[in-house]
Amino acid sequence: QVQLVESGGGLVQTGGSLRLSCAASGRTLSNYVMGWFRQAPGKEREFVMAINWSGISTYYAGSVKGRFTISRDNAKRTVYLQMNSLKPEDTAVYYCAAGTLWRATMSSSDFGSWGQGTQVTVSS
């Protein structure tokens, strides 16, 4: 399996930006589809974005369209989530995940390896 460690979370004001990083170790990152999920207090974990093995294709949740961007650098074994125009409703713990399936509707069950999460808090 691949081990994942997220970083880059923090406190930001509405309209601000953050870039999350997910550093991978263990197996080759290019073997995996990578995704970002988030979980707000009292809510289910939800899909945010995913990127395929090469980085050419991405999927996103409608709630982050036009604001968030996912990218990957397989040579650096790192996946990024650039978050712009942040809103209070983006407040959550953000998780990086690795999987091997690529399909139109990604869910948490498609990912077998998870990081510990990083807190993102957006103040109003």
Side-chain angles (χ1 to χ4, degrees):
Q1 283 195 339
V2 62
Q3 290 76 47
L4 305 170
V5 178
E6 302 96 334
S7 61
L11 174 64
V12 64
Q13 292 186 332
T14 296
S17 297
L18 282 174
R19 188 176 80 157
L20 305 184
S21 297
C22 173
S25 60
R27 296 190 176 182
T28 303
L29 186 64
S30 58
N31 289 344
Y32 296 92
V33 168
M34 299 300 295
W36 286 95
F37 289 76
R38 65 186 181 186
Q39 188 167 18
K43 294 188 176 181
E44 298 279 326
R45 186 171 297 188
E46 66 172 354
F47 169 77
V48 177
M49 296 196 76
I51 188 167
N52 75 340
W53 302 267
S54 65
I56 291 176
S57 297
T58 62
Y59 286 134
Y60 54 85
S63 58
V64 305
K65 180 180 180 181
R67 301 188 299 123
F68 289 14
T69 304
I70 189 172
S71 61
R72 66 191 297 162
D73 187 332
N74 288 336
K76 294 184 177 179
R77 305 169 72 91
T78 304
V79 180
Y80 305 97
L81 184 68
Q82 177 67 44
M83 305 186 295
N84 300 326
S85 302
L86 283 161
K87 306 174 181 179
E89 51 264 43
D90 294 318
T91 295
V93 177
Y94 283 71
Y95 297 90
C96 175
T100 56
L101 293 177
W102 181 252
R103 52 186 179 182
T105 303
M106 307 296 291
S107 69
S108 57
S109 62
D110 294 324
F111 296 86
S113 298
W114 294 81
Q116 83 289 349
T118 185
Q119 177 70 48
V120 171
T121 303
V122 185
S123 63
S124 57

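Computed over heavy atoms, backbone and side chain alike; hydrogens, waters and symmetry mates excluded.
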Shared hydrophobic cluster for Y94 and I51 (ILVMFWY, side-chain gaps under 4.5 Å):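 Same cluster: Y94 reaches I51 through Ile, Leu, Val, Met, Phe, Trp or Tyr contacts under 4.5 Å.
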hydrophobic_cluster_shared for L18 and V64, side chain cutoff 4.5 Å: yes
Under the 3.5 angstrom rule, does the side chain of [X] hit a backbone N or O of [Y] as a donor-acceptor pair?
{"X": "R72", "Y": "V33", "result": "no"}
{"X": "T14", "Y": "S123", "result": "yes"}
{"X": "W114", "Y": "A97", "result": "no"}
{"X": "N74", "Y": "R77", "result": "no"}
{"X": "R38", "Y": "T91", "result": "no"}

Criterion side-chain contact (heavy atoms from CB on, under 4.5 Å) on D90 and M83, from CA distance to verdict: CA-CA 9 Å; D90 294 318; M83 305 186 295; over 6 Å; no
Identified side chain to side chain contact (heavy atoms under 4.5 Å, CB included) partner of C22 from the options V79, L29, V5: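 Checked V79, L29, V5 against C22; only one passes side chain to side chain contact (heavy atoms under 4.5 Å, CB included): V79.
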Aromatic ring proximity, centroids under 6.0 angstrom, F68 and W36: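 No, the ring of W36 stays outside the 6.0 Å limit from the ring of F68, centre to centre.
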side-chain hydrogen bond (donor to acceptor under 3.5 Å, both in side chains) assessment of T28 paired with S30: CA-CA 6 Å; T28 303; S30 58; 5.3 Å; no
Separation between CD of Q1 and OG of S113, rounded to the nearest 0.5 Å: 4.0 Å
Heavy-atom side-chain contact between E6 and L20 under 4.5 Å: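 Not touching, per the 4.5 Å side-chain cut-off.
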Plane angle bin for W102 and Y59 - parallel if under 30°, tilted between 30 and 60°, otherwise perpendicular: parallel
